[in-house]
Amino acid sequence: MRAALTQSLEQLDDDFAFVAACNEGGEFMEPAKIARIREIARRTWRRTLSNRVGISYEEKRRMDRVPEPVLPVEEPLLADRDDHITPHEAKDVITQDNPWGFKVDMPQYKMNRGEIYNLCIGRGTLTEEERYRINDHISQTIIMLQSLPFPKHLRAVPEIAGGHHEKMNGTGYPKRLKQDEMSPVARMMAIADVFEALTAADRPYKKAKKLSEAIKIMGSMKKDNHLDPDLLDIFIEEGVWKRYAEEFLDPEQIDQPDLEAVLRTRPST
């Protein structure tokens, strides 16, 4: 009996450490890890205290959508519950005939805090809903800037500021522009934005990447027609990345990237 208890406790400790590691996130979540998360989620525990006290008004409002179960109650260790879901409000919806030319695919919900759902993100650390909310800053930037009466020499500002998540193959955000629909300066801004985002040390959802990692990823984006290939080559050859790194990056981030590999990369057709 004691041996079984010891084994069970050791398994719980191991499962906890595994879930904690998955919660930190990474570039990819392997299928085997997702399967283990779902297996852990099937285990149950007995809750004897109310989970509707000491919480925010918004969270309690979500929980009150379903009646509180009679205690004690058996619950899964991990779950995707109804109260994890925040629906869209009318003001959040961007229609297909919007006046700004946005072409966006809205996720089903405004927010999904489901435990299994968030732990099983296949790539990166953001859910579809979180990525949409982050990307929405570009839409809001365009909406605000287009409403301003810029003088003639600044009229390209909305396009330059609002195009840094567009991709050369037309799969970007928020207008799905292709390379020939973007000005050279907007394409430059896209390269600068990607490099800054990859190396930034102030993002709570990811670690800052070393130069070698950032440049390698940008090479992959060049191959996938996400970044302007000619302008990226200039960015590499002229040492823009190096000057930026020397001024703004932590010393431990600065290593030697494989520049030739990126310059040899050709966009896929």
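Just so you know, these numbers come straight off a predicted model, no measurement behind them.
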Q) Do S183 and E159 have a side chain donor and acceptor closer than 3.5 Å? A) yes
Q. So, E128 versus Y117: side-chain donor-acceptor pair below 3.5 Å or not?
A.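 Judged by distance alone, the side chains do not pair up.
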Starting at [atom1] of [X], measure out to [atom2] of [Y] and round the result to the nearest 0.5 Å.
{"X": "D15", "Y": "L77", "atom1": "CG", "atom2": "CG", "value": "8.0 Å"}
{"X": "S268", "Y": "N225", "atom1": "OG", "atom2": "CG", "value": "4.5 Å"}
{"X": "T6", "Y": "M1", "atom1": "OG1", "atom2": "CE", "value": "11.0 Å"}
{"X": "I134", "Y": "T127", "atom1": "CD1", "atom2": "OG1", "value": "8.5 Å"}
{"X": "F195", "Y": "L227", "atom1": "CZ", "atom2": "CG", "value": "12.5 Å"}
{"X": "K33", "Y": "C120", "atom1": "NZ", "atom2": "SG", "value": "11.5 Å"}

Counting C-beta onward and ignoring hydrogens, is there a side-chain heavy-atom pair between [X] and [Y] closer than 4.5 Å?
{"X": "Y173", "Y": "K103", "answer": "no"}
{"X": "V194", "Y": "M221", "answer": "yes"}
{"X": "L119", "Y": "V19", "answer": "yes"}
{"X": "E68", "Y": "S50", "answer": "yes"}
{"X": "I215", "Y": "D258", "answer": "no"}
{"X": "D136", "Y": "S139", "answer": "yes"}
{"X": "V262", "Y": "M218", "answer": "no"}
{"X": "K223", "Y": "R266", "answer": "no"}

How about [atom1] on [X], more than 12 heavy atoms from neighbouring residues, nucleotides or ligands closer than 6.0 Å, or not?
{"X": "R47", "atom1": "CZ", "answer": "yes"}
{"X": "Q108", "atom1": "CD", "answer": "no"}
{"X": "R65", "atom1": "CZ", "answer": "yes"}

Hey, any chance [X] and [Y] share a hydrophobic cluster, counting ILVMFWY side chains that come within less than 4.5 Å of each other, even indirectly?
{"X": "I217", "Y": "M189", "result": "no"}
{"X": "W45", "Y": "F18", "result": "yes"}
{"X": "I121", "Y": "F28", "result": "no"}
{"X": "I138", "Y": "M168", "result": "no"}
{"X": "Y244", "Y": "I234", "result": "yes"}

Taking all heavy atoms of [X] and all of [Y], pick out the closest pair and write down the distance.
{"X": "A161", "Y": "L145", "answer": "CB-CD1, 3.7 Å"}
{"X": "Q256", "Y": "S212", "answer": "O-CB, 4.1 Å"}
{"X": "I160", "Y": "A186", "answer": "CA-CB, 4.3 Å"}
{"X": "P76", "Y": "A41", "answer": "CB-O, 3.2 Å"}
{"X": "I191", "Y": "D228", "answer": "CD1-O, 4.0 Å"}
{"X": "R62", "Y": "D82", "answer": "O-OD2, 4.2 Å"}

Q: Report the hydrophobic cluster partners of L71, with the cluster defined as I, L, V, M, F, W, Y residues connected by side-chain heavy atoms closer than 4.5 angstrom, directly or transitively.
A: V73
Q: Please name all residues satisfying salt bridge (charged side-chain N to carboxylate O under 4.0 Å, His left out) with R113, sequence neighbours left out, ordered by chain then number.
A: none
Kindly list each side-chain donor-acceptor pair under 3.5 angstrom involving residues 148-157, sequence neighbours excluded, with atom names and distances?
{"unit_1": "R155", "atom_1": "NE", "unit_2": "F150", "atom_2": "O", "d": "3.4"}

Taking the side chain from [X] and the backbone from [Y], do they hold a donor-acceptor pair closer than 3.5 Å?
{"X": "D14", "Y": "E10", "result": "no"}
{"X": "T141", "Y": "H137", "result": "yes"}
{"X": "R52", "Y": "M63", "result": "yes"}
{"X": "D83", "Y": "D64", "result": "no"}
{"X": "N118", "Y": "E115", "result": "no"}

Q: Start with the C-alpha gap between H84 and E59, add the side-chain angles, then the distance that decides, and say whether side-chain contact (heavy atoms from CB on, under 4.5 Å) holds.
A: CA-CA 9 Å; H84 289 144; E59 189 174 5; over 6 Å; no
Using atom types as modelled, flag every donor-acceptor pair under 3.5 Å from a side chain in residues 245-253 to any protein atom, sequence neighbours excluded.
{"unit_1": "Q253", "atom_1": "OE1", "unit_2": "D250", "atom_2": "N", "d": "3.3"}
{"unit_1": "Q253", "atom_1": "NE2", "unit_2": "T199", "atom_2": "O", "d": "2.9"}
{"unit_1": "Q253", "atom_1": "NE2", "unit_2": "K209", "atom_2": "O", "d": "2.9"}

Q. Any ion pair linking E130 and R133 (charged N to carboxylate O, less than 4.0 Å)?
A.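 Between E130 and R133 there is no salt bridge, as every charged N stays at least 4.0 Å from the carboxylate O atoms.
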**Q.** Stepwise salt bridge (charged side-chain N to carboxylate O under 4.0 Å, His left out) check, K110 with E129
**A.** CA-CA 6 Å; K110 182 176 182 178; E129 294 79 14; over 6 Å; no
Q) Can you list every pair that meets salt bridge (charged side-chain N to carboxylate O under 4.0 Å, His left out) and has a residue in residues 162-179, with sequence neighbours left out? A)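 Every pair satisfying salt bridge (charged side-chain N to carboxylate O under 4.0 Å, His left out) with a residue in residues 162-179: D105-R176.
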**Q.** Residue pair V66, R81: steps toward the side-chain contact (heavy atoms from CB on, under 4.5 Å) verdict
**A.** CA-CA 10 Å; V66 297; R81 301 193 307 265; over 6 Å; no
Quick one: side chains of residues 235-243, donor-acceptor pairs under 3.5 Å with protein atoms, not counting sequence neighbours, listed by atom name and distance.
{"unit_1": "W241", "atom_1": "NE1", "unit_2": "I236", "atom_2": "O", "d": "3.1"}
{"unit_1": "R243", "atom_1": "NH1", "unit_2": "E238", "atom_2": "O", "d": "2.9"}

(Q) For H226 and H165: C-alpha separation, side-chain torsions, deciding distance, then whether ring-ring contact (aromatic ring centres under 6.0 Å, His included) applies. (A) CA-CA 9 Å; H226 290 178; H165 277 216; over 10 Å; no
